[in-house]
Amino acid sequence: MLKCCQSNPIQSNPIQSNPIQSNPIQSNPSPDLSDTAEANTEAIYTSDGITANSTQLEQLKKLFPACFDADGNFLIDRLQAEIAPQTDIGREFYEMNWLGKSYARLLRNLPPETLISEDKTHNAKPENAGSQNLLIRGDNLEVLKHLKNAYANSVKMIYIDPPYNTGSDGFVYQDDRKFTPAELARLANIDEDEAARILDFTDKGSNSHSAWLTFMYPRLYVARELLREDGVIFISIDDNEAAQLKLLCDEVFGEGNFYGTATWTATTKAMNAGTAKYKLQKSDEYILIYGMVSMQEHPPFNLEIKEEKSYPFKSSNGDEYREEEIQQRKNTGIKKSEKMVFPILGRYPREGNRWTIGINTAEELEKSGDVFLKNDTVFRKIYKKDENNESYYPLWIDMSDTVGTSENGKSIVLNLLQKEHGFETIKPLDLIEKLIFHCTGKNDLVLDFFAGSGTTAHALMNLNLIDDGNRKFITVQLPELTKPDSDAFLAGYNNIFEITKDRIELAAAKIRAEHPDYTGDLGFKIFQTADNFRQHPDNDFSPEQPDLPLNDELSEEQLQTLLTTWTLYDGAALTTPVEPVGLGDYTAYLCEKRLYLMNAGFTSADLLAFIKKLDDDAAFNPNRVIVFGSNMASAMQHELDQAVRGYTNKKEIELNVIIRV
């Protein structure tokens, strides 16, 4: 199987091996793709449409979806451009480009600069202690990179409502990573002039198309790695960046994996007199929908039953039918149509109204005898055989009539918080509930890494209540400061994260109050990114150097942060229990089958206690011992390693020692 090269996700050496064992964060060798690409030109069919290289092409499609067109054809030129260290302008082809794209590609692969810590006080509360839901505080690109190992191929649905780059929504691209033009030019394989221009817009905080695309690209790229093979991503956008987003997603997810665009009316508020003369009312917004595989390969979306209908009547030939009044609507505004005003069985719609069916349909109903008068009202017959495929709400509809507007979303949050929140636009709860319903099962995981006011978490809890589901959410929100003169700040919110947290807690409390017998998961655990205190300021420091100063005198909180970061990196979900284990006078930590020796003071007596526990405790079966090398002397490290290597344990456990510093 082809594997991606993977860098150590903790930059500046929070995870490092010493010579006792090879680096636990092994990069897989880059696959040689030349033979696979060449073989595609002479595919030999064997049986049932399987070719000699079909397996390899499927692997390539997962790694490089942008290298396949909408029909699934492999585009070798795109692959060569994707993996080439330098761009050959003589082999150019149609693609999306912008100032900063090379930098965005670099950002997608750089490891995170932060660590992950736990809010132990919040997480210990009874309603949160056993919860599988997560709210993570921090920059979402950093968080997504931290989640990659533990949550790869685990998320069924992603919904995001990113900044729209309207010029008034506060979006500026401000990057905390610091490079000189020469460093960036070398890392991104670009010239220094281009590197300087990129660093200029990141330093100044730009809201250009290029800045927005540079901001979005790495986030979407890493998010794709978290989606399951049948996963779906929904991305809200408006006119400002809709065209750019479509092209960007074609590149990240693959043009053939575009499922469609849903439209909804975000606002019905009238424009004020000053602006109405010069501008169109931008009332509609869009939701772009992509999957990991094409629609043909994707399992059907869940369809929502409108209602259980009864068919009490039978025609002369035995067909079951029901009777329904032909509906009318006001014949005013943008939906006004004189063509829809005509007689049916001699009856016109009421004054000021129009029919909701056209004249051709009406004439066909009259000819077939399927329209009639009852109490001077026009009715039609609707047959069960014709309605089988019409008894569901389709997914790709204009959802405005069923989900409400941003005004509804703002009102819900205002009523919940009972104070101003400062959000200009909030997605209506019904909209997100509908999306979650359409593409998840009752036990699936949903991710929103632009959490905002927390609508996705609220909608998921509501839907679980409705259908007795056990869906879990991961929501991520930056602690973006509120402005001192804003409604949110005056209401006591220092940053947006506080609003997210408050809304989710109050939504859960409302469900508990209204449904006291409900036993579903209404809690959530909080984690946050933390500064990497393991970074060494000394410019001469090399991550590969074997001898580091013993004991950095880290606090207990810092050790726990390092432990949380490592367990997540090693593939354990953030909600996986980490249990303290007594080894003589020493406390170790067990997560799944990995034993972490983080604290200082591990002695030969504790090592004997560890060996004894391996022998005597039937439930104690670690397969890796991971040591914080800065808290264990080199001699003790070697003693531990030799003891494990030379010990034949009764359980025949294959046990390895890994030293990290």
Side-chain angles (χ1 to χ4, degrees), residues 58 61-63 65-66 68 70 72 134 140 144 147-148 151-162 216-217 219-237 242 245-264 285-304 392-399 402-403 427-451 455-457 459-460 462-464 467 469-476:
E58 282 301 311
K61 194 171 185 180
K62 291 178 181 178
L63 294 174
F68 292 79
L134 293 171
N140 52 19
L144 289 169
L147 295 178
K148 277 199 326 185
Y151 293 91
N153 309 312
S154 299
V155 176
K156 180 60 168 65
M157 170 187 162
I158 297 174
Y159 170 78
I160 56 172
D161 186 11
M216 289 297 297
Y217 176 85
R219 287 161 173 80
L220 292 177
Y221 189 93
V222 180
R224 182 174 69 89
E225 298 182 40
L226 304 182
L227 280 172
R228 285 174 15 186
E229 188 170 334
D230 61 347
V232 181
I233 182 169
F234 297 86
I235 309 172
S236 282
I237 201 67
L245 179 62
K246 174 65 170 63
L247 292 173
L248 182 63
C249 289
D250 283 348
E251 180 165 329
V252 173
F253 297 99
E255 185 180 355
N257 294 340
F258 175 57
Y259 290 175
T261 302
T263 304
W264 69 289
E285 291 187 8
Y286 317 103
I287 302 174
L288 271 62
I289 304 143
Y290 281 79
M292 291 294 286
V293 294
S294 68
M295 279 287 279
Q296 288 72 25
E297 300 173 73
H298 196 283
F301 285 95
N302 302 322
L303 295 177
E304 182 180 2
Y392 300 96
Y393 287 115
L395 181 60
W396 319 125
I397 60 169
D398 181 337
M399 295 182 285
T402 58
V403 302
K427 295 298 178 288
L429 204 57
D430 287 348
L431 171 64
I432 309 304
E433 278 186 32
K434 191 179 193 71
L435 298 181
I436 297 173
F437 168 83
H438 274 307
C439 75
T440 66
K442 292 185 178 182
N443 296 297
D444 285 338
L445 177 62
V446 175
L447 168 66
D448 181 350
F449 52 91
F450 288 96
T455 304
T456 298
L460 183 141
N462 271 10
L463 186 58
N464 279 345
D467 67 3
N470 188 34
R471 300 170 187 84
K472 281 79 66 180
F473 65 77
I474 301 176
T475 50
V476 184

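Counting from 1, the numbers follow the sequence of the chain as shown.
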As an exercise, state the distance from CG of Asp430 to CZ of Phe437, rounded to the nearest 0.5 Å. 13.0 Å
Run the numbers on Tyr217 and Leu248 for side-chain contact (heavy atoms from CB on, under 4.5 Å), then give the verdict. CA-CA 7 Å; Tyr217 176 85; Leu248 182 63; 3.5 Å; yes
Between Arg219 and Asn140 (side chain of the first, backbone of the second, donor and acceptor by atom type, cut-off under 3.5 Å), is there such a pair? no
Given the rule in the side-chain contact (heavy atoms from CB on, under 4.5 Å) test, do Thr263 and Glu285 qualify, once you have shown the distances and angles that lead to the verdict? CA-CA 6 Å; Thr263 304; Glu285 291 187 8; over 6 Å; no
To the closest 0.5 Å, what do you measure between CG (Leu435) and OG1 (Thr440)? 10.0 Å
dist Phe234:CZ -> His438:NE2 (nearest 0.5 Å) comes out at 8.0 Å
Just how far is it from atom CG of Leu460 to atom CZ of Phe473, taken to the nearest 0.5 Å? 7.0 Å
All heavy atoms of Ala457 vs all of Thr475, minimum pair found to be CB-CG2, 4.2 Å
Tell me, do Phe253 and Pro65 make a side-chain contact under 4.5 Å, heavy atoms counted? no
Sorted by chain and residue number, the side chain to side chain donor-acceptor pair (under 3.5 Å) partners of Asn257 (sequence neighbours excluded) come out as none
Take Glu251 and Leu247, measure what side-chain contact (heavy atoms from CB on, under 4.5 Å) needs, and give me the verdict at the end. CA-CA 6 Å; Glu251 180 165 329; Leu247 292 173; over 6 Å; no
Quick check: does any side chain N or O of Lys156 sit under 3.5 Å from a backbone N or O of Cys439, one acting as donor and the other as acceptor? yes
Please report the shortest heavy-atom distance between Pro428 and Thr455, naming the atom on each side. O-CG2, 4.3 Å
Salt bridge or not for Asp250 and Lys246, using N-O below 4.0 Å? yes
Are any of the side-chain heavy atoms of Leu445 and Ile474 separated by less than 4.5 Å? yes
Quick one: pull up CE in Met216 and CD1 in Ile237 and give me the separation to the nearest 0.5 Å. 7.0 Å
Minimum heavy-atom separation for Thr456 and Ile436, please, with both atom names. O-CD1, 4.1 Å
Tightest non-hydrogen contact, residues Met292 and Tyr259, listed as N-OH, 4.2 Å
Mind running side-chain contact (heavy atoms from CB on, under 4.5 Å) on Val293 and Glu229 for me, showing each step along the way? CA-CA 7 Å; Val293 294; Glu229 188 170 334; 4.0 Å; yes
Do Leu245 and Ile235 have side-chain heavy atoms sitting under 4.5 Å apart? yes
Can Arg471 and Asn443 be said to form a side chain to side chain donor-acceptor pair (under 3.5 Å), step by step? CA-CA 5 Å; Arg471 300 170 187 84; Asn443 296 297; over 6 Å; no
Does the side chain of Val446 come within less than 4.5 Å of Tyr159's, by heavy atoms? no
Apply ring-ring contact (aromatic ring centres under 6.0 Å, His included) to Phe258 and Tyr290, showing your working. CA-CA 5 Å; Phe258 175 57; Tyr290 281 79; 5.0 Å; yes
Scanning both residues in full, the closest heavy-atom pair of Lys61 with Phe68 reads CA-CE1, 3.4 Å
Taking every heavy atom of Ser236 against every heavy atom of Ile287, the minimum-distance pair comes out as OG-CG1, 3.7 Å
Student check: side-chain heavy atoms of Leu226 and Ser154 closer than 4.5 Å: no
For the pair Lys442 (side chain) and Asp467 (backbone), establish whether a donor and an acceptor sit closer than 3.5 Å, ignoring hydrogens and angles. yes
Does some side-chain heavy atom of Met157 sit less than 4.5 Å from a side-chain heavy atom of Leu447? no
Could you tell me whether Arg228 and Asp444 make a salt bridge, using a distance below 4.0 angstrom between a side-chain N and a carboxylate O? yes
Validation row: Asn464, Asn470 side chains within 4.5 angstrom (heavy atoms): no
Considering only heavy atoms from C-beta outward, does the side chain of Leu220 approach that of Ile160 to under 4.5 Å? yes
